[in-house]
Amino acid sequence: ENSELYANLEAKVEERTANLNHALREVQILKEKQDADYFLTSLLIEPLGKNNIQNDSVRIDFLIEQKKKFVFKNKELEIGGDLCTTDRIFLNNRSYIVTLNADAMGKSIQGAGGILVLGSVFKSILQRTHSAPLNEYVFPEKWIKNSFLEMQRIFESFDGYMLISLVLGLLDEETGIFYFINVEHPKITLYRDNKARFIEKVGRKYRKMGIHGINSPIQISLFQMQPGDVIIMGSDGRDDIIIDLDEHGLEVLNFDEELFLKSVEEGNGNLKKIYQAIKKRGELNDDLSLLRVSYKEFEIQSKETKDKEDKKFQRIIEDLTENLEAQKSKKEYAGIIKTYEDLIELQPLDKNYLLQLSLLLFKLKNYERFIDYAELIKLRSPNNKRNIFRLAIAHIKLKKFQRANSLILEILNLNPQSKKAKILELILSDLVIKSV
């Protein structure tokens, strides 16, 4: 009887073992299939994150550490939702370095899916820019805005299942001016004279790309890089580190964004050393990507040479300003416009010339060209009500009623009591009725 019981037990153990082995084989097959999918996805993403920029004045480095690791055909690989990419484009015969650092929602395959879409869309935007006619005049601010809106429209179609935070920037290779938009991404860090600080005062201005509707007028920021400057963009994996365990053994996450500045200083602005400094502070809890841009980092310029260049530049500005005054007294409007444009190109950060030129074009009733410059002012200073008001009038004059209406609504949003905007609203509705 005992031997029969023993035999039954042995048979059951063997059956269980066989079932278990079968289940393990099934899991192994599934895992291999999943890893093959991961591998294919990582192959598709690879060409989207290229760094082709290395020249005398601008150097770019990437560091990406995706959280999800996997093995395929004895190769150790990783997959995730972070992307760094860069390229060179020409706008108005000027050379700009494009930088994009992005973080897609979700870990492993979900994040990778977002990056696959983003990278492909962005590649097509760059391709279109490369093939555009060279004489086509596009301001860098407008290029960033149009690129952002195109990507936003595509991600809105995923109904919130694919969200992205990013920094998109253009660096003027000649002047060192960095134009950028930050869409719910951590702040950009400047490393200058062995000190790290953020170049943005306010963080998280916009909601993630892909959420329906943009919650704030689009603003493009400008930052003047000096020779030797380094700027670092990074995903929130740099902040989301596990720094401790509480008394219940639960993970304690870091919420101090300033902690990253300390890591940048400890790493002397070098990405690998910064990464080591972050890991010393805690364990990574998310995908991490860092994109480093340096401007004339190794160009040692003597004080005499710099002073000579500064004086030469000042002389050009003084000559143009004198020229402007002479043209104003003779009312040579074509000359005045050209001189303003030269001054704007030489000093893009000076808002004053931009404003004066837009006012002149408005007074001359040159509404088409006025709109170009007024839209530029709006991208830099979205809350300048007077500029928006003039823009609305110009659009009414050109019978572009839909755009005029949205501008009037923007003024009323900034100041619901604006009498001028309400009068303009009545004029517009009157004109729309007549035009029907």
key: E375/R403 ion pair, N-O < 4.0 Å   = yes
task = Look at the aromatic rings of F148 and Y206 and report parallel, tilted or perpendicular, splitting at 30° and 60°.
result = tilted
inquiry  = If I take atom CG from residue D244 and atom CD from residue E251, how far apart are they, to the nearest 0.5 angstrom?
reply    = 11.0 Å
Considering all heavy atoms, the nearest A102-I164 contact = CB-CG2, 4.1 Å
task = Answer yes or no: does atom NZ of K420 have more than 12 heavy-atom neighbours from other residues, nucleotides or ligands under 6.0 Å?
result = no
ask   = Sequence neighbours excluded, which residues qualify as ring pair (Phe, Tyr, Trp, His ring centres under 6.0 Å) partners of F178?
value = F180
task = Any salt bridge (Lys or Arg N to Asp or Glu O under 4.0 Å) involving residues 381-400? Give me the pairs, sequence neighbours left out, ordered by first then second residue.
result = none
ask   = Would you say the side-chain atoms of Y295 and Q226 include a donor-acceptor pair closer than 3.5 Å?
value = no
task = Using a strict cut-off of less than 4.0 Å between a Lys/Arg side-chain nitrogen and an Asp/Glu carboxylate oxygen, indicate whether E257 and K187 qualify as a salt bridge.
result = yes
E297 bridged to R292 by N-O distance under 4.0 Å = yes
query = D342: what forms a side-chain contact (heavy atoms from CB on, under 4.5 Å) with it, not counting sequence neighbours?
reply = L320, K338
key: Test item: side-chain donor near acceptor, Q356 and Y340, under 3.5 Å   = yes
query = Taking NZ, NE, NH1 and NH2 as the nitrogens, is one of them in K306 or D310 under 4.0 Å from a carboxylate oxygen of the other?
reply = yes
ask   = Any side-chain heavy-atom pair from L171 and V293 closer than 4.5 angstrom?
value = yes
Ionic contact status for R94 with E345, cut-off 4.0 Å = yes
message = Can you give me the closest heavy-atom contact between I144 and Y179, atom names plus distance?
response = CD1-O, 3.5 Å
query = Taking atom types as modelled and ignoring hydrogens, do the side chains of H185 and D103 form a donor-acceptor contact shorter than 3.5 angstrom?
reply = no
remark   = When K279, K273, R281 are each screened for salt bridge (charged side-chain N to carboxylate O under 4.0 Å, His left out) with E266, the one that passes is R281
task = Ignoring hydrogens and angles, state whether a donor on the side chain of Y373 or E341 is under 3.5 Å from an acceptor on the partner side chain.
result = yes
task = Salt-bridge test for D287 and K67: reply yes if a basic N is under 4.0 Å from a carboxylate O, no otherwise.
result = no
message = Does K142, at its NZ atom, have more than 12 non-hydrogen atoms belonging to other residues, nucleotides or ligands within less than 6.0 Å?
response = no
query = Do N182 and E200 have side-chain N/O donor and acceptor atoms under 3.5 Å apart?
reply = yes
query = Just checking, any donor-acceptor pair under 3.5 angstrom between side chains of D82 and S235?
reply = yes
inquiry  = Under 3.5 Å, is there a donor on one side chain and an acceptor on the other for D87 and H130?
reply    = yes
